Q: 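Have a look at the structure that comes next, please.
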Amino acid sequence: MHEPIMTVDAEDVVFLSRRCFPRRTPRGTATLKTDVKPTAPCIRISMRNISRGGICFVVGQKLAVGQRITINLQALALLKPLTIQAEVRWVGCDTKPGEFRVGCSWVERLLYAHMIHFV
């Protein structure tokens, strides 16, 4: 026996955001390290948005979902970069060939006192 097929109009669909913190347009520069070795090279990233819960950026290297990375955030008001551990949550292709858009969540939430330096 077949179950009836339900049709849903696009205007009836409600999308719920699961985000705890709003995304903001970032200021400053950032690099990442994919290895925990101190001598590992830093890779420059282009930040797209940032929140207390995570970051979205574009990078020229494909990362694996679940991979732990170290992100160094530099703002004009900071004397030294803020180093934060993050976990890759999703990876997608960007508009330019060979570049990837990456979404990460912070291992520990970004403090509001740190967040204000980058927005």
Side-chain angles (χ1 to χ4, degrees):
M1 184 166 229
H2 298 289
E3 294 189 22
I5 298 173
M6 293 181 56
T7 58
V8 179
D9 292 334
E11 59 196 35
D12 295 336
V13 177
V14 177
F15 293 100
L16 299 175
S17 176
R18 298 179 304 166
R19 298 186 195 292
C20 296
F21 304 103
R23 292 178 284 182
R24 309 268 187 214
T25 303
R27 290 184 295 159
T29 60
T31 59
L32 73 82
K33 282 188 179 185
T34 57
D35 201 347
V36 293
K37 297 176 187 172
T39 58
C42 288
I43 302 166
R44 188 171 182 85
I45 61 175
S46 176
M47 296 186 290
R48 294 295 184 242
N49 63 59
I50 190 169
S51 74
R52 291 187 59 207
I55 187 170
C56 177
F57 57 87
V58 175
V59 65
Q61 176 180 337
K62 189 168 185 177
L63 302 174
V65 173
Q67 181 178 6
R68 289 273 176 113
I69 59 174
T70 303
I71 297 181
N72 298 309
L73 299 169
Q74 182 65 55
L76 293 174
L78 297 176
L79 297 176
K80 63 179 188 172
L82 179 63
T83 302
I84 308 170
Q85 297 289 317
E87 183 175 332
V88 177
R89 294 295 184 179
W90 56 267
V91 179
C93 294
D94 197 45
T95 54
K96 293 182 183 177
E99 292 195 345
F100 301 91
R101 190 172 287 244
V102 180
C104 295
S105 64
W106 304 123
V107 173
E108 294 182 15
R109 274 192 190 140
L110 188 63
L111 298 174
Y112 180 76
H114 292 142
M115 178 72 187
I116 60 173
H117 294 292
F118 302 103
V119 294

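Predicted model, so just to flag it, every value in this text is computed and none were measured.
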Q: Could you check whether any side-chain heavy atom of Ile69 comes within less than 4.5 Å of a side-chain heavy atom of Val102, counting everything from C-beta outward?
A: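 A side-chain contact is absent here, since even the closest heavy-atom pair is not under 4.5 Å.
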Q: Should Ile71 and Leu82 be regarded as members of a common hydrophobic cluster, given that ILVMFWY residues are connected when their side-chain heavy atoms come within less than 4.5 Å of each other, either directly or indirectly?
A: yes
Q: Please round to the nearest 0.5 Å and tell me the distance separating atom OG1 of Thr31 and atom CD of Gln74.
A: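 Between atom OG1 of Thr31 and atom CD of Gln74 there are 9.0 Å.
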Q: Would you say Leu32 and Trp90 are hydrophobically clustered, going by side-chain heavy atoms of ILVMFWY under 4.5 Å?
A: no
Q: Is Ile45 linked to Leu78 within one hydrophobic cluster, defined over Ile, Leu, Val, Met, Phe, Trp and Tyr using a side-chain heavy-atom separation of less than 4.5 Å?
A: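 Same cluster: Ile45 reaches Leu78 through Ile, Leu, Val, Met, Phe, Trp or Tyr contacts under 4.5 Å.
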Q: Identify the two heavy atoms, one from Ala86 and one from Trp106, that lie closest to each other, and give their separation to 0.1 Å.
A: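 Of all heavy-atom pairs spanning Ala86 and Trp106, the closest is CB-CE3, 3.9 Å.
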Q: Side chains of Ile84 and His114: closer than 4.5 Å at any heavy-atom pair?
A: no
Q: Distance from Asn72 atom CG to Lys80 atom NZ, nearest 0.5 Å?
A: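 Answer for the CG-NZ pair, Asn72 versus Lys80, is 11.0 Å.
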Q: Rounded to the nearest 0.5 Å, what's the gap from CD on Glu87 to OG on Ser105? Could you check?
A: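 Spacing of CD (Glu87) from OG (Ser105) equals 5.5 Å.
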Q: Would you say that Phe57 contacts Cys104 through its side chain, given a criterion of any heavy-atom pair below 4.5 Å between the two side chains?
A: yes
Q: Quick check on Leu76: does its CG atom have over 12 non-hydrogen neighbours (other residues, nucleotides or ligands) under 6.0 Å away?
A: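 No - once you tally the heavy atoms of other residues, nucleotides and ligands closer than 6.0 Å, there are 12 at most.
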Q: What distance do Arg101 atom CZ and Lys96 atom NZ have between them, rounded to the nearest 0.5 Å?
A: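 The NZ atom of Lys96 is 11.0 Å from CZ of Arg101, to the nearest 0.5 Å.
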Q: Quick check for you: to the nearest 0.5 Å, what is the distance between Ile116 atom CD1 and Arg27 atom CZ?
A: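 So the CD1 of Ile116 and the CZ of Arg27 are separated by 10.0 Å.
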Q: Heavy atoms only: give me the nearest Cys42-Lys33 pair and the separation to one decimal.
A: SG-CE, 3.5 Å
Q: Can you give the donor-acceptor pairs under 3.5 Å from side chains of residues 47-56 to other protein atoms, not counting sequence neighbours?
A:
{"from": "Arg48", "atom 1": "NH1", "to": "Ser46", "atom 2": "OG", "distance (Å)": "2.9"}
{"from": "Ser51", "atom 1": "OG", "to": "Gly53", "atom 2": "N", "distance (Å)": "3.0"}
{"from": "Ser51", "atom 1": "OG", "to": "Gly54", "atom 2": "N", "distance (Å)": "3.2"}
{"from": "Arg52", "atom 1": "NE", "to": "Leu110", "atom 2": "O", "distance (Å)": "2.9"}

Q: Give a yes or no on whether Ile43 and Val58 share a hydrophobic cluster (residues Ile, Leu, Val, Met, Phe, Trp, Tyr; joining criterion: side-chain heavy atoms under 4.5 Å apart).
A: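 No: no chain of side-chain contacts under 4.5 Å links Ile43 to Val58.
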